[in-house]
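Taking it in order: structure first as structure tokens, then the write-up.
Only this structure's heavy atoms are used, side chains among them; waters, hydrogens and symmetry mates stay out. Positions are given from 1, in the same order as the sequence printed here.
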Amino acid sequence: MQLMPNIRTILPKDSERLMLVLLMVFASLILISSFTNLGPIYLSDEVHYAAKAAHLAGQNNLLSSSWHAGYSLTLVPIFKLFGIQQTTWLAIATFNLILLIGSIGFWYSTLQHVGISKTQSLLLSISSLVCFSVWGFTAWMFVNPWMQLIIAMMCRWLLIKHFYRQLFAITLTSSFAYWFHPTGLLIAGCAWLVVIANLASSKHKRQLKSIGSTLLGLFITGSLILLYQAIHSKINISMGGD
């Protein structure tokens with residue numbers, strides 16, 4: 001079954017060319033915005049993600065906040081390597097761009113898996129950058145590129161046919177989604193609802209092992225979410241407050 005109509009049946013060739021030109025302009029704007037005027041913009045999100053990353057890298061400060069530390073944890077190696085200097089911001093912009101490229105790769109794989117042509121998959125994958133306005137956040141220390149990648153990963157995992165591999169991937173991804181942002185809990189909840197719905201409508205529902213594995217995955221997800229809350233509190237206490 002063809003899941004979506006062929007773009008060629010909807011758009012004339014001139015419109016296709018225009019779309020490609022607009023996508024090239026869009027991609028160029030992403031690159032330009034990513035590597036010009038590098039440096040902090042001092043919005044509260046960026047200040048506190050940066051403060052947590054620098055603190056965890058050994059450059060102690062007392063800028064405790066409620067922002068989740070998952071993104072900051074992934075930036076620790078950059079702060080360890082470069083410290084606090086202009087090069088750090090270039091490295092962060094590059095890191096964010098890698099996250100976005102990774103999300104495009106996952107969307108492309110997902111669309112190919114459901115039978116969409118390579119060209120259409122690529123065009124739709126690039127258009128996914130509009131989500132979370134990630135094209136505008138690449139040069140900033142914001143969590144948006146990570147959230148884009150997590151959602152793209154989760155969509156791909158939900159199409160894995162091997163039940164236990166799917167459970168393993170969703171358990172890990174949904175567990176750590178919350179580490180990056182509170183809305184990660186919503187992403188995790190949606191993914192597990194799909195898993196449970198699929199289990200209820202398939203032959204796996206008659207297998208005690210499958211039900212047990214699903215419950216174990218839910219338990220691990222919940223445990224890692226609770227573990228993060230303890231870690232979050234300890235980080236904030238070490239920064240002067242909780």
N/O donor-acceptor pair under 3.5 Å between [X] side chain and [Y] backbone:
X    : Y    : value
S201 : N198 : yes
T221 : G217 : yes
H181 : T183 : yes
N236 : S65  : yes
S121 : I116 : yes
H232 : A69  : no
Q59  : A54  : no

Smallest separation among heavy atoms of [X] and [Y], with atom names:
X    : Y    : result
A50  : F79  : O-CZ, 4.1 Å
S174 : T171 : OG-O, 3.3 Å
S213 : L167 : CB-CD1, 3.5 Å
R156 : S109 : NE-OG, 2.8 Å
L62  : S238 : CD2-O, 4.4 Å
W89  : M141 : CZ3-CE, 3.4 Å

Is there a path of hydrophobic side-chain contacts, each under 4.5 Å between heavy atoms, that joins [X] and [Y]?
X    : Y    : answer
F219 : V195 : no
I151 : L186 : no
Y178 : L227 : yes
L158 : I196 : yes
I101 : L90  : yes

State whether the number of non-hydrogen atoms from other residues, nucleotides or ligands found under 6.0 Å of F168 atom CZ is greater than 12.
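No, the 6.0 Å shell around CZ holds no more than 12 heavy atoms from other groups.
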
Reference residue N96; test side chain to side chain contact (heavy atoms under 4.5 Å, CB included); the match among F142, Y71, W140
Y71

[X] side, atom [atom1]; [Y] side, atom [atom2] - distance, nearest 0.5 Å:
X    : Y    : atom1 : atom2 : result
M147 : I187 : CE    : CD1   : 3.5 Å
M153 : Q148 : CE    : CD    : 12.5 Å
S103 : I126 : OG    : CD1   : 11.0 Å
Q166 : L199 : CD    : CG    : 10.0 Å
Y49  : W67  : OH    : CH2   : 8.0 Å
S72  : I78  : OG    : CD1   : 11.0 Å

Starting from the C-alpha separation in whole Å, work towards a yes-or-no answer on side-chain contact (heavy atoms from CB on, under 4.5 Å) for I150 and W146.
CA-CA 6 Å; I150 287 170; W146 252 122; 4.1 Å; yes

Trace of the side-chain contact (heavy atoms from CB on, under 4.5 Å) decision for K52 with L73
CA-CA 8 Å; K52 274 189 166 68; L73 285 166; over 6 Å; no

Between F163 and K209, does the side-chain contact (heavy atoms from CB on, under 4.5 Å) criterion hold? Intermediate values first, please.
CA-CA 11 Å; F163 181 71; K209 184 179 178 181; over 6 Å; no

Begin with the C-alpha distance, continue with both residues' side-chain angles, and end with the deciding distance and a verdict on side-chain contact (heavy atoms from CB on, under 4.5 Å) for M154 and F106.
CA-CA 9 Å; M154 197 70 83; F106 274 100; over 6 Å; no

